[in-house]
Undergrad: 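I'd like to ask some things about the structure below.
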Amino acid sequence: MSFLKACREEKEATVALLHSQKKHLMKKRLLQELTVTCHPLALQLNLLYEEVLYTILHRKGKPEPAFVADADELYEYVQKAFSMDPEEHHVILQRVRELEKPIFCLKVTVKQAKGILGKDVSGFSDPYCLLGIESKRQEPSSDSSSHPENKKPLKAVVKDMIPEDQTHRTQVINQTLNPVWNETFILDLDMEESVRHKLGELTDLHGLKRMFKEARKDKGQDDFLGNLVLRLQDLHCRNDHWYNLEPRTETHPDRGQCHLQSLMTHKKRATSLSKTQPSYTVHRHLLQQMVLYEILQHQAGSTSWDGELSKHATTILYLHAAQKDLSDFHQVMAQWLAYSKLYQTLEFNCSCLLHQITSIEYQWIQERLRPEQKAELAESFQSLLAYGISLLQKYRSVFPLSSPTSTHRLQSLLRVLLQMCKMKAFQELCTLTPNLQQMVMEALKVQYHLLPQPIGQWFSTHGPRENGKALVRLLVEVNGDLERCYKTWNKFFTKNQSCVCIPRDGPLALTDFHQWFKEAIPKWLQKTYMIALERTQRAIQVDQLMPLGELTKHSTSTVDLSTCYAQIVKTWQQLDWPDPEEAFMIMVKFVEDMCKIALTYCKLIKTRAEELSSKQRDEGDAANRLCIVVNNVEQLRLLILKLPAQLDWGLLEQRMEGIIEPEQIEHTLHNQLQSTITCLDHEIRDVVQNLAKKSIIPLMKFLESELQYMNQHLVQENFNCLLELLWNHVLNELTAAANQQQNSSRYYKRLKFALQSLELSFHAEGCGLPTDALHMPAFMDLEEGLKLRSTTSRKLIQKYFSERIREQLEIRSEKYGAVTIKALYRPSEQKLRVEVLNAVNLIPLDSNGPRAPFVQRTLEPRHEFPEVVARNTQCWKNELHPLFDEAFEFLVPPEKCQQAGACLLLTVFDYDKVGANDLEGEAFFPLCNVPGLTGDEEAADPARVSQTRLPLMHPKPTGDPLLKLLESRKGDKEAQAFVKLRKQRAKQSKESA
């Protein structure tokens with residue numbers, strides 16, 4: 001190694017060490033800061049701990065499935081996250097319990113309504129909305145109210161149930177059937193039960209006093225349009241739904257829908273931080289503490305944090321943001337401030353910052369921030385930019401080529417800096433907007449100015465000859481360094497245009513013309529989504545859930561939804577965005593919107609089926625509609641599966657090669673699509689279960705009532721005869737179902753479960769048929785057949801070899817000859833040693849006798865020994881008693897040899913140069929009893945292991961039932977390959993032919 005190279009590597013190692021030490025010191029300093037003070041005002045960590053305990057203790061609303069519902073789990077998590085010992089935890093928790101409870105509020109936003117009744121002569125209405133909290137009422141205690149069919153919907157309206165001073169009212173929207181309010185109200189809960197709101201008409205402010213005075217409509221009286229009751233115990237912490245408006249009478253049952261958003265918040269929280277600090281600041285420090293704990297947990301496990309918080313941390317942050325009424329924008333901004341600060345002190349993948357950059361960019365409105373928040377955000381931009389440039393100045397040592405993750409980390413850093421400098425927030429808040437390209441170029445130049453000092457001294461202290469040799473070595477090293485830079489670093493700074501671009505001579509007149517439309521893209525995407533969503537909702541409203549034809553089992557709404565998807569795909573194709581990174585972000589938005597539409601469609605189509613079924617009492621029609629719903633969701637699932645091909649993800653991935661890692665594309669696009677497919681599968685199962693309840697439960701009730709009648713009016717002997725007839729009929733039906741050719745073993749598992757359940761039902765814990773009567777030959781045959789058919793292919797293959805081993809142990813005749821072996825297992829080396837000694841009494845397969853017999857050895861089943869290849873002995877020409885005396889070793893773990901069916905398959909072939917080798921016979925040697933397998937080294941002594949003589953067998957000419965069963969599984973490649981191999985073995989046997 002030359003002197004220059006040694007100096008450079010020594011320097012890089014020194015800088016890397018200094019960088020690592022600096023990271024360690026900064027991490028230690030950060031831990032000290034977070035355990036003593038949370039911000040410059042010296043906020044104690046126990047006050048932040050008090051805040052999070054208060055949040056968990058005063059949780060409100062029905063728990064969401066995606067979050068942790070158990071409070072004890074959350075307490076245990078925060079105790080670890082804040083490094084609190086049990087005593088200190090209990091002291092603070094007791095103090096929090098003694099604090100005054102917050103005032104629980106419901107923040108309701110009345111968005112809009114649609115499809116309301118027109119009460120004016122013009123066909124329109126002047127609607128407004130009343131909201132209020134109704135105190136808990138005493139339910140009627142009459143007997144008639146206990147029956148569900150006698151319960152009537154609540155017809156009272158806000159004016160009748162809530163005092164006027166506790167009622168909130170929206171503005172009046174004149175002459176419309178689809179009003180849009182977008183008005184927000186804060187309602188105090190205080191142990192209330194229901195949220196009510198009513199749509200009505202108002203001619204003047206005093207009309208509130210006479211809104212529903214009489215059924216008669218006097219001049220100036222407001223008309224009732226609809227009513228809605230929401231129970232608080234059914235509301236989540238956050239809700240965003242369309243609700244059907246209920247009528248007061250059945251004259252006009254369809255009153256339209258109203259869109260409500262609700263959030264359960266706190267007022268007057270008693271914690272110290274809530275009294276002294278802004279909600280946004282407290283939430284940011286809580287987030288920073290959680291993120292720090294998550295990162296350190298991953299580092300303790302020697303893994304890199306990917307930016308995803310645990311379920312417990314997500315639950316706590318979600319509850320705190322909701323209770324403090326933090327907007328989505330402020331939550332994202334808090335994440336950015338916490339993550340960007342921690343990235344400068346702790347090692348983790350900075351790709352997670354891209355999500356915050358994208359969210360801030362799409363939600364950016366400068367006026368929603370206070371001056372101190374703007375300054376804080378601007379400082380975070382400048383701090384991260386300065387830190388990133390400082391890393392680029394030392395990129396050779398910070399991102400050494402010796403580390404496999406260095407190139408990915410450097411690329412992620414460049415992408416974060418590039419996207420951050422493109423943000424509108426960055427350009428508006430940072431008055432002196434830097435030239436990122438120039439800054440990166442200057443940072444890269446710094447690296448080349450750091451030449452090792454000893455070189456000049458070395459030149460001056462030696463003669464011209466030595467200096468000439470040193471100069472040659474210097475040129476070789478510089479040339480090699482430039483070559484490495486060109487192959488590795490160059491693609492990050494030029495080819496992918498991450499930051500530094502090579503200017504072209506004479507650019508095209510319309511270069512970067514797509515930038516003209518960049519600001520309009522978010523509005524276009526939102527408009528596309530809203531139009532598709534509205535068309536989907538209208539399609540469901542007019543869908544009668546009837547099949548389109550005899551061959552088409554889905555309804556009209558799926559056709560309309562397919563058209564919406566096709567238009568979105570066409571929009572993507574016409575857009576043809578040239579910037580690969582921005583095109584990827586647009587694609588993510590498209591896929592997210594299409595998945596949202598799919599999930600919304602599932603909810604609305606199920607609601608539509610319930611509405612149609614409630615108007616018609618025919619159970620058969622209700623079941624038919626559920627079948628249509630299942631077919632519609634399945635059709636939607638097929639549409640979702642076609643999206644990667646229609647949106648040409650393959651071409652997008654090619655364009656993103658070298659810019660975004662394939663793992664990120666997989667995580668962002670494919671996982672999101674797969675998550676939606678999983679939700680659709682869950683919806684299908686849910687509807688199918690509902691369909692089963694509607695169809696099977698009435699049938700079972702009918703059977704139960706009839707059997708009870710028979711049991712009461714027949715003597716026990718006659719009733720048992722009736723049960724035997726029913727049992728025989730059930731067995732015949734199940735046998736007919738089992739004889740149907742099905743490729744999936746799941747089908748037979750379900751039949752087996754049904755047979756077991758019916759057996760228990762007919763036995764009735766000794767009160768029905770006795771066990772002897774149930775276990776008739778037909779039952780035993782059916783049970784055995786279902787047991788085989790429901791078994792996996794690999795288990796069947798193991799069973800096949802187990803039977804061959806059993807036959808091998810029972811056979812006594814040496815009709816086809818025999819083969820002698822010695823086998824032992826060396827536990828210290830985990831090697832199976834097999835010695836093939838000889839073969840005797842081989843039969844001549846043609847008039848000239850055997851041409852050249854040899855033995856092939858394989859370990860079976862193949863799926864247990866996938867890495868073990870077949871071994872062959874040498875061929876012995878013109879010999880009926882060949883003496884092989886060859887040893888082979890197989891590297892296999894002992895537990896594999898002890899599996900069911902594990903064996904050594906010895907196949908004796910007669911070599912044929914022209915055609916296929918002829919089969920002399922095969923033998924199956926079980927591996928479970930091989931000496932030394934249990935770990936006894938003395939038992940594995942070759943001198944103590946006895947010889948084993950195995951008679952040869954031939955495959956059955958009529959075929960094996962297990963092979964026939966495996967052959968019937970057409971979609972199972974492993975089963976088909978095994979059957980093909982055994983058939984080939986049978987063809988090679990002239991005896992079988």
Side-chain angles (χ1 to χ4, degrees), residues 674 677-678 681-682 684-685 688-689 731 733-760 775 778-809 832 858-870 890 892-905 907 922 924-929 933 955-956 958-986:
Q674 188 59 43
I677 295 296
T678 303
D681 291 338
H682 176 74
I684 292 176
R685 289 194 298 270
V688 169
Q689 290 176 359
L731 290 179
E733 292 295 327
L734 289 177
T735 302
N739 291 333
Q740 297 179 5
Q741 295 295 330
Q742 297 288 337
N743 296 332
S744 173
S745 60
R746 294 177 60 187
Y747 172 79
Y748 297 104
K749 286 182 180 178
R750 293 170 181 171
L751 285 181
K752 180 182 175 183
F753 177 76
L755 179 63
Q756 294 171 346
S757 301
L758 289 170
E759 179 190 3
L760 295 175
H775 292 177
F779 171 81
M780 302 303 292
D781 294 341
L782 177 60
E783 185 181 39
E784 182 63 25
L786 291 177
K787 183 179 179 181
L788 284 178
R789 290 184 173 93
S790 61
T791 305
T792 62
S793 297
R794 291 191 171 185
K795 293 293 184 182
L796 289 177
I797 294 174
Q798 290 178 333
K799 185 175 180 62
Y800 174 85
F801 284 109
S802 297
E803 292 186 359
R804 299 289 80 76
I805 292 173
R806 180 180 54 80
E807 291 179 8
Q808 184 73 56
L809 296 176
L832 175 67
T858 58
L859 297 183
E860 302 290 348
R862 296 287 177 86
H863 63 262
E864 292 290 348
F865 307 97
E867 298 180 356
V868 178
V869 297
F890 302 92
V892 291
E895 58 271 11
K896 291 291 185 179
C897 299
Q898 295 173 347
Q899 295 288 337
C903 64
L904 171 67
L905 174 57
T907 309
E922 58 185 6
F924 300 85
F925 178 72
L927 298 179
C928 57
N929 297 325
L933 192 62
K956 295 180 180 179
T958 56
D960 189 275
L962 292 176
L963 293 180
K964 291 181 179 180
L965 181 57
L966 287 170
E967 188 177 11
S968 66
R969 299 182 177 182
K970 301 299 182 183
D972 192 334
K973 295 182 179 180
E974 189 172 7
Q976 295 302 312
F978 179 76
V979 172
K980 181 180 180 181
L981 182 63
R982 296 307 301 172
K983 282 187 173 182
Q984 289 176 351
R985 183 63 52 88

Undergrad: Can Glu967 and Arg969 be counted as an ion pair, charged N to O under 4.0 angstrom?
TA: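 Not counted as a salt bridge, because no side-chain N and carboxylate O are separated by less than 4.0 Å.
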Undergrad: Looking at side-chain heavy atoms only, is the closest gap between Gln756 and Leu760 below 4.5 Å?
TA: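 A side-chain contact under 4.5 Å is absent here.
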Undergrad: So, taking the atom named OG in Ser757 and the one named CZ in Arg750, what distance separates them when rounded to the nearest 0.5 Å?
TA: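 So the OG of Ser757 and the CZ of Arg750 are separated by 13.5 Å.
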Undergrad: Measure from the side-chain N and O atoms of Gln808 to the backbone N and O of Phe924, and report whether any donor-acceptor pair falls under 3.5 Å.
TA: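 Such a contact is found between Gln808 side chain and Phe924 backbone.
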Undergrad: So which heavy atom on Glu922 is nearest to which on Pro955, and how close?
TA: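 Closest heavy-atom pair between Glu922 and Pro955: OE2-CG, 3.9 Å.
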Undergrad: Inspect the surroundings of NE2 in His682 and state if more than 12 heavy atoms from other residues, nucleotides or ligands are less than 6.0 Å away.
TA: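 Counting other residues, nucleotides and ligands, NE2 of His682 stays at 12 neighbours or fewer.
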Undergrad: With Leu962, which of Thr791, Leu788, Val979 fulfils side-chain contact (heavy atoms from CB on, under 4.5 Å)?
TA: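 When side-chain contact (heavy atoms from CB on, under 4.5 Å) is applied between Leu962 and each of Thr791, Leu788, Val979, only Leu788 qualifies.
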Undergrad: Atom CD in Gln976, atom OG in Ser793: separation rounded to 0.5 Å?
TA: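 Separation between the atoms: 8.5 Å.
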Undergrad: Leu933 and Cys897: which non-hydrogen atoms are nearest, and at how many Å?
TA: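 Answer, listing the atom of Leu933 first, then Cys897: CD1-CB, 3.8 Å.
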Undergrad: Inspect the contact between Glu807 and Arg804 and indicate whether a charged nitrogen and a carboxylate oxygen are less than 4.0 angstrom apart.
TA: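 A salt bridge is present here (some side-chain N lies under 4.0 Å from a carboxylate O).
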Undergrad: To the nearest 0.5 angstrom, please state how far the CG atom of Leu927 sits from the CD1 atom of Ile805.
TA: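 Leu927 atom CG to Ile805 atom CD1 measures 7.5 Å (nearest 0.5 Å).
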Undergrad: For residues Glu803 and Asp960, determine if any side-chain heavy atom of one lies less than 4.5 Å from a side-chain heavy atom of the other.
TA: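 Sidechains of Asp960 and Glu803: in contact.
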Undergrad: How long is the span from the CG atom in Leu905 to the CZ atom in Arg985, to the nearest 0.5 Å?
TA: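 Nearest 0.5 Å value for the CG-CZ distance: 5.5 Å.
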Undergrad: Give the minimum heavy-atom separation between Ala738 and Leu786, together with the two atoms involved.
TA: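 For Ala738 and Leu786, the tightest heavy-atom pair comes out as CB-CD2, 3.8 Å.
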Undergrad: Nearest 0.5 Å, what's the CG-CG distance between Leu904 and Leu832?
TA: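 If I round to the nearest 0.5 Å, the distance is 7.0 Å.
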Undergrad: Do Phe978 and Phe801 have ring centres separated by under 6.0 Å?
TA: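 Centroid separation for Phe978 and Phe801: below 6.0 Å.
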Undergrad: Looking at CZ of Arg789 and NZ of Lys752, how far apart are the two atoms once the value is rounded to the nearest 0.5 Å?
TA: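 So the CZ of Arg789 and the NZ of Lys752 are separated by 13.0 Å.
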Undergrad: Of all the heavy-atom pairs spanning Pro861 and Gly901, show the shortest one and how long it is.
TA: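 Here Pro861 and Gly901 meet closest at CD-O, 3.7 Å.
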Undergrad: If you count heavy atoms of other groups shown closer than 6.0 angstrom to CD of Glu895, is the number above 12?
TA: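 Yes.
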Undergrad: Can you spot which of Ile797, Leu981, Val868 makes a side-chain contact (heavy atoms from CB on, under 4.5 Å) with Arg862?
TA: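 One option only clears the test, and that one is Leu981.
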Undergrad: Glu974: what forms a salt bridge (Lys or Arg N to Asp or Glu O under 4.0 Å) with it, not counting sequence neighbours?
TA: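 With sequence neighbours excluded, Glu974 shows a salt bridge (Lys or Arg N to Asp or Glu O under 4.0 Å) to Arg794, given in chain and number order.
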